[in-house]
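Working notes for the structure below.
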Protein chains: 2
Amino acid sequence: METRELRYFVAVAEELHFGRAAERLGIAQPPLSRAISRLERRLGATLLRRTSRSVGLTEAGAVLLREARAALDAVEAAERRTRRAAQAGDGTAGVVLATKAGAAGELLAKLLDAYAAEPDAVPVDVLLCGIGEQERLLRDGRADVALLHRPFDSVSGFDVEELRTEGQVLVLPGGHPLSGRASVRAAEVSELSGLPLPRWRGRDGTYPAGPGPEVRDHAQLLQLIGLGRAAAVLPESARPHLPGELVVVPVPDAPMVTTVIAWPPHSRSRGVAGLVRTATRL
Amino acid sequence: METRELRYFVAVAEELHFGRAAERLGIAQPPLSRAISRLERRLGATLLRRTSRSVGLTEAGAVLLREARAALDAVEAAERRTRRAAQAGDGTAGVVLATKAGAAGELLAKLLDAYAAEPDAVPVDVLLCGIGEQERLLRDGRADVALLHRPFDSVSGFDVEELRTEGQVLVLPGGHPLSGRASVRAAEVSELSGLPLPRWRGRDGTYPAGPGPEVRDHAQLLQLIGLGRAAAVLPESARPHLPGELVVVPVPDAPMVTTVIAWPPHSRSRGVAGLVRTATRL
DNA sequence: CGGATCGATACCCGGGAGGTATCGCCGGCC
DNA sequence: GGCCGGCGATACCTCCCGGGTATCGATCCG
């Protein structure tokens, strides 16, 4: 199977419409039809169920869609990482580290400082990204290593080292009834009088249904809390970055948050290895 | 990048010789040269350093070799899993479970029994394989799920659920001086009088250097122990399968062995999901 | 210095990727 | 019910590129 065929198939499987898929691919519809037929013939499998009014995935097609996405990510990653390795001169190929904007601030600073002091350090590019974006970057090669937060981020398919585990705290606008409490139970948080929890943007760009304001990053969230329009449960380490007018109450029975450093399993380049070693010794 | 180009590059990078690589690929040498040049031009990277007498990898070439292998595995897996999903009729696509021959016997039996009793069970093909082979099978799509033993098998890049943790025991021929002992320390094992530990075959087909017989599977090993030519440290669960003339002594300070069920992160098909669910409930 | 080895280059051929035109099927609509 | 419009498949053409053979040029070796 050639990657072109996989790209074609993914386009059709996502659009469920040959015409639109062809347009998206920048080719005409007939070559696309032919390519898919040939793919089906070579695989000995029916991938799409077509009536002349609609297109649907078969069981085998659904399998190929999942697998093809993973394979295309891997190919794309190969291309990107090679390009990067080439353009930085031999030996000094930099490393791209992805991290959530507005989280893990002082840990990141300590890591970068400590690593820069290592004898064999290579340049590190830091990529600040939105919620849930790191997984994607790591998979398609735009990043080489990432700081993730379990259980929020999926680490599935990556090698990880745990760096730190911490509890969570409830962040409230000043003057809220709960703001004087020494601690709050998780159950109480879900029924906060008048203060809805925010809805984070999912990795597909949509928001889950329900009440609460739609939120894309920490800055937005903190502003909303300051305005008395929301409350949120965040890892303890967010505390130093909070503006003074917000109040913090520990939530002892909220799930623990573990910060991990993650990298694709096969890519133990010198830069990644050094960064991971430094991080675990922090 | 097309998979053909990746295959070509991997062949040359492994052989470090255009002629042999071309032969291995079943094409002539000139098209191969051209294909590699074009790949380099498109990537804007020098992948190979050629003198007319020898070929060597550049930094970027080494990166591409690692990444290309992973990408080709993913493409191959996509192809194989799709073929399998297609040939079993819709909905009842079977699952291939890889496990080490001669290990995890009764756990496997219990798992298969329990899963077969589930209402939505699909057929399970069991693939008995050699040491370290499961990782490969899982990566290139010949298997969908595997039973692995940490820390012996690498689980890097897979999703896992832990099933059982157990200690290890020393297996000796009857009549050996240590055979009467209630337990042995790990340090003592490495200096067993006259009984070398076996050398397992690595995943590349070679054996590590050192004394001790070369061993490929458990049957061979047990026979050698019976002949008084070797001793071995094995997980406790191997005990019921041992022939009567062998003696077993616990090694309390040997590393614990964890049996895990592992699967590729993106492939949570119905069959795999069910199998994993059953396994964790065992 | 001549031969052997090996990658690059030159040149040719055929298949396949891509395009346009058109067909056949089907659902909806007046 | 018949006509139209949307959509995927088919037919047919073109041209690029993957693959082949012949040969060159460099380098190492005897």
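Since the model is a prediction, treat every value here as computed from it, not as a measurement. So you know, we letter chains A, B, ... as the sequences are listed, proteins then strands, and number each from 1.
Distance NE2 (B/H17) to P (C/dA8): 12 Å, rounded to an integer number of Å. If you take CG of A/L25 and P of C/dG19, they are 10 Å apart, rounded to a whole angstrom. Rounded to an integer number of Å, the gap from A/L32 CG to C/dT20 C1' is 16 Å. At whole-Å resolution of the value, CD in A/E40 and P in D/dG8 are 13 Å apart. Spacing between atom CG of B/L48 and atom C1' of C/dC6 amounts to 14 Å, rounded to whole angstrom units. Protein atom CZ of A/R20 is 13 Å distant from nucleotide atom C1' of D/dG8, rounded to whole Å.
Taken to the nearest 0.5 Å, the CG atom of A/D144 stands 13.0 Å off from the CH2 atom of A/W263. Atom CG in B/L275 sits 5.5 Å away from atom CG in B/L97 (nearest 0.5 Å).
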List the steps and the verdict of side-chain hydrogen bond (donor to acceptor under 3.5 Å, both in side chains) for A/R7 and A/T3.
CA-CA 6 Å; A/R7 269 190 287 268; A/T3 56; 3.3 Å; yes
Set out, in order, the CA-CA distance, both residues' side-chain angles and the distance that settles salt bridge (Lys or Arg N to Asp or Glu O under 4.0 Å) for A/E161 and A/R277, then state yes or no.
CA-CA 9 Å; A/E161 286 285 347; A/R277 203 175 345 103; over 6 Å; no
Please encode protein proximity along nucleotides 14-23 of chain D as a string of B, S and -, counting only heavy-atom distances under 4.0 Å.
----BBBBB-
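Classification of A/E59 and B/R270 as a salt-bridged pair fails, no side-chain N sitting under 4.0 Å from a carboxylate O. Classification of A/R84 and B/E67 as a salt-bridged pair fails, no side-chain N sitting under 4.0 Å from a carboxylate O. Between A/R69 and A/E14 a salt bridge is recorded (basic side-chain N to carboxylate O distance below 4.0 Å).
Taking 4.0 angstrom as the limit, A/S33 places a side-chain polar atom (N or O) nearer than this to OP1 or OP2 of D/dA9.
Residues satisfying the side-chain hydrogen bond (donor to acceptor under 3.5 Å, both in side chains) test with A/R139, not counting sequence neighbours, are A/E135.
Axis deviation across the helix from C/dC1-D/dG30 to C/dC30-D/dG1 amounts to 10°, comparing end segments of five pairs, rounded to 10 degrees.
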